[in-house]
Amino acid sequence: MTTVRLNSADPVSFATDALIVGFRSGSEAPRPVTSADALDAAFGGKLAASLTAAGFSGRPGEIAKIPTFGAITAPLLVAVGLGDDASGKDDAEGLRRAAGAAARALAGTVRAALALPAGSAADAEAVALGALLGAYGFSRYRTGEGAKAPVAELEVLSPLPAEEAGRIAERVTALAESVTLVRDLVNTPPSDLWPGKFAEIAEQAAAKAGLTVEVLDEKQLKDGGYGGLIGVGQGSANPPRLVRLSYTHPDAGKTLAFVGKGITFDSGGLSLKPSASMDWMKSDMGGAAAVFGALLGIARLGLPVNAVGYLCLAENLPSGTAQRPSDVIHSYSGKTVEVLDTDAEGRLVLMDGIARAAEDAPDLIVDVATLTGAQIVALGWRTAGVMANDDAVRELVVEAATAAGEGAWGMPLPEELRKGLDSPIADIANLQPERWGSMLAAGIFLKEFVPDGVRWAHIDMAGPAFNKGEPYGYIPKGGTGAITRTLIGLAERHASI
Ligand code: BES
Ligand code: MN
Ligand code: ZN
């Protein structure tokens, strides 16, 4: 992975392959936001005019590369737009995005330095994290001449004292390593990532990170009464797993439980998806990956909180052993569920995970899932839907996501949708007869498996987990790592001291 350091050197004389400089747009020519006078002088007052001539105006995310011909020590200057004062306002997310876009544009470069606002700890952290996240690449499956390697070494030019600078570098490295792991897992094809393999990866990583790990295999799941995981996984030659990761801290006051949907491939099962909806369903384990990444991040940061993560892993395939529409399964909670549509499988693995997580007596359960296409219809690709059985909990989750720069918006759980899930023969059906409000109906379904008195939130990130379009800001194509940093932020908000 790309490394990052903070360095108090001067941008004009710093020896690096490329100097990234943030620029404001405005009524006049674009202007550097840091070291403006020194850079102006180094370029003989012609920097702004050259950039304008190159068509660069400093709009957010805009990039221009200009050779420096010795005007400064770095041979290349990369201008990145931060927008005007009103729109840019140096908020953390604006800095993360600009740094990310610039780092991504420098793939193939070995060393780059960033001259963006980094005088405060918050700004320096945003620049360093955005750059690390933007430098991501996934080249494991390329042979020969592939995509250019991500920039190897990033240096954030910041006046902060060395000790604080070191702490910030460590913190953003921990966050970026978690997000990188999540993106890698989501990008990995299902031929190389099935439930058992995911569980093995989690066991190995957990051992290294000092987490307690427990894996239930298909026999233990059957004996334990996990009918949802068994039902969804029974059509595949790769049987389901439930992974429990646990992190404890001696000073912890609160315990958080995270439950992730981990469908390593969602074909829909016998209720088969059309091909165009299926080819990106390797990303249907994004929730479990985010929970896994978050637990590792929380451990690495040593947060004074207890955290438990459940990865609900299964592969949803059609076969002679697959569950059928109209089958009734016995969930871990004891409730029976009529499976009207085998493509509504996420809620079936999550109902077991949530009921099991409640046994840890957590202060809060948060489940994360690529659960419904209806989330994308309602909120688009970049905004996750957040539902909860408690208004304050929902607001807390939305606030943690917003602070992390991850799109999220509160959604209701209207009680009247419950009757649409009535089954003529079982306690509940996994599908309502109409498509309207399907994201909320899925939330209502899950709520049935949350014991009374347990605070719970549900994050539907069907859109945000996987970027089918072009990269933007610090978000690459493919796996995005969505909600990983939100979960870590929630743990920080629950930390004692
Ligand atoms: N994994 C899908 C949801 C999904 C859709 C995720 C698009 C990412 C992008 C989920 O298992 C699913 O198939 N949901 C169905 C539910 C329906 C049958 C009630 C859906 O949304 O169509
Ligand atoms: Mn499905
Ligand atoms: Zn699914």
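First listed ligand is number 1; within each ligand, the first listed atom is number 1.
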What are the atoms of ligand 1, with element, lying closer than 4.0 Å to any heavy atom of L431?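 Here the atoms of ligand 1 in question are 18 (C), 19 (C).
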
Any atoms of ligand 1 less than 4.0 Å from a non-hydrogen atom of D341? List them with their elements.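 What qualifies from ligand 1 is 18 (C).
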
Can you tell me if D343 has an N, O or S atom under 2.8 Å away from the Zn ion (ligand 3)?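 Given the 2.8 Å cut-off, D343 does not count as a ligand of the Zn ion (ligand 3).
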
Has K261 got an N, O or S atom lying less than 2.8 Å from the Zn ion (ligand 3)?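 Short answer: yes, at least one N, O or S atom is under the cut-off.
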
I'd like to know if [X] pairs up with [Y] as an ion pair, taking the criterion as any Lys NZ or Arg NE/NH1/NH2 lying under 4.0 Å from an Asp or Glu carboxylate oxygen.
X    : Y    : answer
E415 : R418 : no
K222 : E218 : no
E345 : K261 : yes
R356 : D360 : no

State if [X] counts as touching ligand 1 under the rule of any non-hydrogen atom under 4.0 Å.
X    : result
F466 : no
M281 : yes
K261 : yes

Please list, one pair per line, the donor and acceptor atoms closer than 3.5 Å that link side chains of residues 190-211 to other protein atoms, with sequence neighbours excluded.
unit_1	atom_1	unit_2	atom_2	d
D192	OD2	Y141	OH	2.6

At a cut-off of 2.8 Å, list the protein N/O/S atoms near the Mn ion (ligand 2), residue plus atom name.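 Listed by chain and number, the nearby protein N, O or S atoms are D266 OD2, D343 O, D343 OD1, E345 OE1.
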
Can you report which non-hydrogen protein atom sits closest to [atom], along with the distance?
atom                    : result
atom 16 (C) of ligand 1 : R347 NH2, 4.0 Å
atom 12 (C) of ligand 1 : D343 O, 3.2 Å
atom 2 (C) of ligand 1  : D266 OD2, 3.5 Å

Rounding to 10°, state the angle centred on the Zn ion (ligand 3) that links OD2 in D266 with OE2 in E345.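 Nearest ten degrees: 90°.
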
Just to verify, what does R394 make a side-chain contact (heavy atoms from CB on, under 4.5 Å) with, not counting sequence neighbours?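 If we apply the side-chain contact (heavy atoms from CB on, under 4.5 Å) test to R394, skipping adjacent residues, the hits are V386, A388, D391.
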
Within this structure, what is the CZ-CG distance for the pair R59 and L82, rounded to the nearest 0.5 Å?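 If we round to the nearest 0.5 Å, R59:CZ and L82:CG are 13.5 Å apart.
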
Heavy atom under 4.0 Å from ligand 1: found in I263's side chain, backbone, both, or neither?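 For I263, there is no contact with ligand 1 at all, from either part.
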
Which of the listed options, [options], holds the heavy atom that is closest to [atom]?
atom                    : options                : value
atom 11 (O) of ligand 1 : E345, M278, Q432, M285 : E345
atom 20 (C) of ligand 1 : A369, G373, S271, S267 : G373
atom 3 (C) of ligand 1  : I376, L371, D284       : L371

Taking only residues at least two apart or on different chains, which pairs with a member in residues 453-469 satisfy side-chain hydrogen bond (donor to acceptor under 3.5 Å, both in side chains)?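 side-chain hydrogen bond (donor to acceptor under 3.5 Å, both in side chains) check on residues 453-469 returns D367-W456, D367-H458, T372-D460.
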
In D284, the N, O or S atom nearest to the Zn ion (ligand 3) is which?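 The nearest such atom is OD2.
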
